[in-house]
Amino acid sequence: MCGIGGLLMNQRESSPGEIARQVQAMLSAMRHRGPDGQAEYADGHLGMGANRLAIRGIDQVQPPLFVHESGVVVACNGEIDNHRTLRAELAEQGHAITSSSDVAVIAPLYLEKGLGFLEHLDGVFALALWDPAEQRLILARDRTGERHLYYATSAQGFWFASELAALQLAAPADATMDRQSLAYFLRSGYCPSPRTPFAQQFKVCPGEMIVRERSKTRYMRYWAPPIGRKPVAPPSTAAFDTIFRNAIARQTDVDVDYGVLLSGGLDSSLITAVARQVRPERQLKAYCVRFEESSFDEGSNAQTVARLHDCPLTTVTLGAHQVPQMLRQLIHTTGEPLADPAWLPLFHVTERAAFDVKMLLGGEGADELFGGYPTYLGALWSPRYDRLPAPLRNGVRRLVNALPVSDAKVAVSFLLKKFIAGQAHQGLMRHLFWNANLSPEWIQRLGMDWPAEQAEHREQSLLDLVQAYDFGHSLPDALMAKADRGGMCHGLELRAPFLDRAVIEYASTLPPDARIQRLRTKAFLKDYARRYLPPEIVERRKRGLSVPLGQWLRGPLRDWASEKLAGEALRDAGIRTDAALALMEQHQQRQGDHARGLWNLIVLSEWLEWAAVAHRGGTATAAAAARPCRDTHAVVPMPGVFEQGSGAGAAAVLAGNHTG
């Protein structure tokens, strides 16, 4: 785990000294990601480097960047979970790998498999590989997007870094905002890959490989989410037990102390229970965030699970007074806006955990794979609601809209109002409306357009469609971004056992009635969890990590929030601040629960202020034109997505491009 950065300049565009300076500047900005070492590499018009957070291979003094005897250079942010298997296979093919680092297998694997090497890697990674013989630079991101990688292109060259803030120190200065990206952010609280808020800077997509050679770029997908695949056998908790235990065994096969983020909910409690059984000889420390507001506090639930499994529990408490400085620090450190309020408590608890451990296990991915979100209930029940007589539906709408605004966590009134309002839409668009932080009407009042979305159903059921959408969008670019940036600000890695490749493949074959049974979400996972947990924990109502924003915005954060909403940063980006303040007033008067929408605007305002300073004091403005192609030098369009199970074909196609 580390931070990586580099650049590939076109011939004679920069001196070796200038290339080295830019690499060092990016690494210095990401020192928090890798306190255990730093290394740089230069080869003519290429420079790259890495900071190291040592998780595996700490028995040797390991370089954070690997230069193979063939000349192939690898910088990798992440963990290769199947490195032991790959090491044995590569040894049989004549590769003597002396380093104990898991990353050491990547270069030999590339030499054996060519561009098909990524299909053989299991784990989490965002990597850069330089092949001097082919003058080829490869960037790649893991299948589920747990690790992130940003890049920028111009006529002069190609730049990349693990964090957007670091990229600004080397890539050409351009403060132009992408208006469509801002619209996505206002709706959902994140910018979906490959977008960033900057018009000329991008993210590598989950499961994507980018190949840059001789000033030309190809974009390739080596993996696609398999959700909705036809089952090969009936669901079996016994079969899944082996898969899940192996996943946790692989992810905890590390040389450092590790712990677990424990809320007392199903996902984190199950991970805690299984991890204690898989490695009973290792102490498992647990960490939890507490709030003074009772409906948001999960400390007592976490204490129950920690005592049950003999885990020392450490708690931290988050208060409203910490929010402004914490948000500012997160944005200035990482450089990309993220409006998930849970970013704050995660940042807070990982800061404390970093004193004890270098890695934490978390429950990300379980809801998307096993059907855990309330909106998935809506996807199943909304067609039945549509069939009710119109007078009855109108009566229900009036009753629901008359319910008072509640500041409670996961308020039923809030969910019902979202459900009723979403009935004006169909299919995926209804799901997007339910999850939106701002309605189409409010986004229009703010001076933006509701982002267009491709909403065809193909041959998927609606449940498969919305789960696949969440798995490919909000999971990597919001939830895993939160995990990566929140933890790595303190040099602490977060791993998600539910996103192990074998777990994904098994969960993707579950039929709809194994995911949701009437009003019971995650039915299969709950049945499985009864092997390890008592029923009162298994069937506890889903709460999720959240923050009492609604209450805080009406109280201790009101003045600070109003200042951000009225600021010049939003206005200069094309956001109507009078509408933002009107939204705030409605929230104050309890005419609606606008906490999430207001938080989107507050985070964007803070980020725009940072962006203006980051670009040498310039003013960040939104581009009115449509977003340009990711790379004006691209000569090969992204090929068709390789479906799970077509690995051999994908490998053949990609390997055919390898001439080394």
Side-chain angles (χ1 to χ4, degrees), residues 3-30 39-50 65 67 70-75 110 114-115 126-141 149-176 178 194-196 198-205 208-220 614-616 623 627-638 657-660:
I4 67 174
L7 61 153
L8 177 62
M9 303 301 293
N10 296 335
Q11 297 289 349
R12 297 181 297 278
E13 291 291 348
S14 290
S15 66
E18 175 59 19
I19 290 175
R21 185 200 66 78
Q22 292 185 44
V23 171
Q24 291 167 2
M26 288 190 282
L27 295 183
S28 295
M30 297 185 292
E40 300 104 38
Y41 173 86
D43 178 15
H45 51 289
L46 173 126
M48 55 195 290
L65 182 146
V67 182
S70 65
V72 171
V73 186
V74 176
Y110 166 77
L115 293 181
L127 64 83
L129 183 149
W130 170 245
D131 182 346
E134 297 296 328
Q135 291 291 288
R136 172 188 292 157
L137 176 66
I138 298 172
L139 302 184
R141 188 175 175 191
L149 192 56
Y150 301 84
Y151 65 97
T153 64
S154 77
Q156 288 72 46
F158 188 93
W159 296 258
F160 62 91
S162 294
E163 292 180 347
L164 200 57
L167 191 63
Q168 308 315 303
L169 300 176
D174 186 347
T176 303
D178 176 45
R195 296 179 179 275
T196 74
F198 293 120
Q200 298 297 330
Q201 298 181 14
F202 309 91
K203 282 183 280 197
V204 180
C205 295
E208 183 179 43
M209 172 173 62
I210 299 176
V211 182
R212 176 87 170 182
E213 50 190 339
R214 298 175 179 84
S215 300
K216 298 176 182 179
T217 308
R218 290 175 284 168
Y219 304 91
M220 306 176 184
H615 288 90
R616 299 178 178 87
R627 187 184 190 90
C629 173
R630 282 199 286 181
D631 191 323
T632 55
H633 298 282
V635 295
V636 178
M638 184 179 293
N657 292 319
H658 181 66
T659 57

**Request:** For the pair Asn10 (side chain) and Ala155 (backbone), establish whether a donor and an acceptor sit closer than 3.5 Å, ignoring hydrogens and angles.
**Result:** yes
**Item:** Minimal non-hydrogen separation, Ala50 against Ile4, with atom names
**Value:** CB-CG2, 3.9 Å
**Asked** Under the side-chain contact (heavy atoms from CB on, under 4.5 Å) criterion, do Gln22 and Leu169 qualify, and how do the steps go?
**Response** CA-CA 7 Å; Gln22 292 185 44; Leu169 300 176; over 6 Å; no
**Prompt:** Of Val204, Ile210, Leu139, Val211, which meets side chain to side chain contact (heavy atoms under 4.5 Å, CB included) against Tyr219?
**Reply:** Ile210
**Request:** Sort out for me which residue in Arg136, Gln135, Arg212 forms a side chain to side chain contact (heavy atoms under 4.5 Å, CB included) with Trp130.
**Result:** Gln135
**Gap between atom CD of Glu134 and atom CZ of Arg214 - 0.5 Å precision** = 6.5 Å
**Request:** Take Ile138 and Met209, measure what side-chain contact (heavy atoms from CB on, under 4.5 Å) needs, and give me the verdict at the end.
**Result:** CA-CA 7 Å; Ile138 298 172; Met209 172 173 62; 3.7 Å; yes
**Asked** Between the main-chain N or O of Ala170 and the side-chain N or O of Arg21, is there a donor-acceptor pair closer than 3.5 Å?
**Response** no
**Asked** Are any side-chain N or O atoms of Thr176 and backbone N or O atoms of Ala199, one a donor and one an acceptor, separated by less than 3.5 Å?
**Response** no
**Message:** Quick check: closest heavy atoms across Arg195 and Lys203, and the distance to 0.1 Å?
**Reply:** O-CE, 2.8 Å
**Message:** Would you say that Leu149 contacts Arg141 through its side chain, given a criterion of any heavy-atom pair below 4.5 Å between the two side chains?
**Reply:** no
**Interatomic distance, Met48 atom CE to Glu40 atom CD [nearest 0.5 angstrom]** = 11.5 Å
**Complete:** In terms of heavy-atom contacts, Ile19 and Leu7 come closest through O-CD2, 3.8 Å
**Prompt:** Any side-chain heavy-atom pair from His615 and Asp174 closer than 4.5 angstrom?
**Reply:** no
**Closest heavy-atom pair and its distance - Gly49, Leu65** = CA-CD1, 3.6 Å
**Item:** Pairwise side-chain contact, Tyr110 with Leu115, heavy-atom cut-off 4.5 Å (strictly under)
**Value:** yes
**Prompt:** At what distance, to the nearest 0.5 angstrom, does CG of Leu167 lie from CD of Gln201?
**Reply:** 4.5 Å
**Ala166 to Met30 - nearest heavy-atom pair and separation** = CB-CG, 3.6 Å
**Prompt:** Of Phe198, Phe158, Phe160, which meets ring-ring contact (aromatic ring centres under 6.0 Å, His included) against Tyr151?
**Reply:** Phe158
**Verdict with reasoning, Val23 to Tyr41, per side-chain contact (heavy atoms from CB on, under 4.5 Å)** = CA-CA 9 Å; Val23 171; Tyr41 173 86; over 6 Å; no
**Item:** Non-hydrogen side-chain atoms of Thr153 and Thr217 separated by less than 4.5 Å
**Value:** no
